[in-house]
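These notes are about the structure you will find just below.
Just so you know, these numbers come straight off a predicted model, no measurement behind them. Read the numbers this way: they start at 1 and go in the same order the structure lists the ligands and their atoms.
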Amino acid sequence: MNVEKILANLEAKHPGEKEYLQAVREVLLSVQDEYNKHPEFEEAKIIERMVEPDRIYTFRVTWIDDNGEVQVNQGYRVQFNNAIGPYKGGIRFHASVNLSILKFLGFEQMFKNALTTLPMGGGKGGSDFSPRGKSDAEIMRFCQAFMLELWRNIGPDQDVPAGDIGVGGREVGYMYGMFKKLSHQCTGTMTGKGLEFGGSKIRPEATGFGALYFVEELLKDQNDTIKGKTIAVSGFGNVAWGAVTKATQLGGKVVTISGPDGYVYDPDGINTKEKIDYMLELRASGNDVVAPYAEKFPNATFYAGRKPWEQKVDIALPCATQNEVNLEDAKKLSANGVKYVAEVSNMGCTAEAIDHFLAQRMIYAPGKAVNAGGVATSGLEMTQNAQHIYWSEEEVDQRLHTIMRDIHEQCVLYGREEDGYMNYMKGANIAGFMKVARAMLGQGIV
Ligand code: 2IT
């Protein structure tokens, strides 16, 4: 495989899609040696086929705001690859959403879902609709208008959307309600649903919980433990909330959360029910700010316009969004003696930041392995829906735990270097890639 040639072709075909090209580059560089051991892959043009989504739906979403004004947004669903199972992946509502971002997320999702051990392909969708400051009625009208277009192209064995940034239980509920209204089907075509209508226990917590189960395995591999470690978390949404909750339960001390306005440092730890619940309140306010935390808990300090990566901690857990850790941040982390960086956001670190971590021999684990517990639990929700049953909290949590251990093992299989250093980026990329590649090969040229 000639990575540079493939990338140059892709860039010519999809100019300016920088996040997508970044995600593809990382995977191709990681897998090229392994790929070259398999002439059958090259013969079937596996790479050339894998980097292009199967199809993309783009549609206009029209809705009316509370002032009676007509609003127009762009909607998308990228059905990336279904070699392993139905397209599966979240829907993102954020002002920054564009095709490049959704293609990168769909591409990552394909490998992540392969790592979960469950039969799910990769997909992603979303809209440039910004939920910030919108009323509940506006959110509902937008979700309904979005589904009015999307519903024909999804289904339990076809494509199963879920949440992502800006899409939580409320939005999934509104979209699923409209899906049922239009399709007359109760087939659990979305995941992340409310517990009363097909949702799974632990799904809201799953991404954060799963991430910490993975971090536990990672630390064990280094003969280390999370007990007594200080942890910097970014973000303050659903994923950060789950991560803070589980990190605290396991004996770690989380000292930061962040938002678009800056970050808060709480030297006492974000470790009481009151503090952790307050994250949910901040999120529910719809204002997208964390500053009020430092007013409510005066021992904490708010740093406007800054990122938590300047704090001296043991573990960094980016839980916000793509490319939130750049080279400058990475240098601060290493200078502060941070040993472990586990991405909980998708592609949370830039390529330059990752290069820096690896050069420093820090332990870095990529989102597609660390945050796979979210979609894995979505897979468990699909299983429960298909069987028309509900599992207990213990049952789901135990399966999630097993899956995260399994993902860690797959990373070790392909990522352990000769001197013993654990390269999780390489391990996750090769393990995910090999499964998708073999699935594609087995199903012929389609
Ligand atoms: O990035 C992700 O894995 C998600 N947003 C969750 C996707 C899902 O289908 O549960």
Is the gap between the ring centers of His401 and Phe209 under 6.0 Å?
no

Ala95: side-chain contact (heavy atoms from CB on, under 4.5 Å) partners, not counting sequence neighbours
Ser130

Any nitrogen or oxygen of Lys88, main chain or side chain, under 3.5 Å from a nitrogen or oxygen of ligand 1?
yes

At the 4.0 Å heavy-atom cut-off, does Arg92 count as touching ligand 1?
no

Check the orientation of Phe433 and Phe41. Use parallel for under 30°, tilted for 30 to 60°, and perpendicular for over 60°.
perpendicular

I'd like to know if Gly163 contacts ligand 1, where contact means a heavy-atom distance under 4.0 Å to any ligand atom.
yes

So the atoms of ligand 1 within less than 4.0 Å of a heavy atom of Lys124 turn out to be 1 (O), 2 (C), 4 (C), 5 (N)

Ligand 1-proximal atoms of Met382, by part, heavy-atom distance under 4.0 Å:
neither

Nearest heavy-atom neighbours spanning Ile257 and Gly235
CB-O, 3.5 Å

Is Arg405 salt-bridged to Glu409, cutoff N-O under 4.0 Å?
no

Quick one: nearest non-hydrogen protein atom to atom 3 (O) of ligand 1, plus distance?
Lys112 NZ, 2.7 Å

As an exercise, identify every atom of ligand 1 less than 4.0 angstrom from a heavy atom of Gln109.
1 (O), 2 (C), 3 (O), 7 (C)

Under 4.0 Å from one or more heavy atoms of Ser378, ligand 1 contributes atoms 8 (C), 9 (O), 10 (O)

Can you pull out the closest protein heavy atom to atom 7 (C) of ligand 1? Residue, atom name and distance to 0.1 Å, please.
Gly90 N, 3.5 Å

Which atom of Val160 lies closest to which atom of Thr189, heavy atoms considered:
CG1-O, 3.2 Å

Can you list the atoms of ligand 1 that are under 4.0 Å from a heavy atom of Ala162?
8 (C), 9 (O), 10 (O)

Parallel, tilted or perpendicular: which one describes the rings of Phe357 and Tyr364, with boundaries at 30° and 60°?
parallel

Report, as yes or no, whether the 6.0 Å neighbourhood of atom CD on Glu328 holds more than 12 heavy atoms from other residues, nucleotides or ligands.
no

Is ligand 1 under 4.0 Å from a heavy atom in the side chain of Asn346, in the backbone, in both, or in neither?
side chain

Taking atom 5 (N) of ligand 1 as the reference point, the nearest protein heavy atom with its distance:
Asp164 OD1, 2.9 Å

Answer yes or no for Glu108: is there a heavy-atom contact with ligand 1 below 4.0 Å?
no

Tell me which protein heavy atom sits closest to atom 6 (C) of ligand 1, plus the residue, atom name and distance to 0.1 Å.
Arg203 NH2, 3.6 Å

Evaluate the ring planes of Phe129 and Phe142, with Trp represented by its six-membered ring, and classify them as parallel (under 30°), tilted (30 to 60°) or perpendicular (over 60°).
parallel

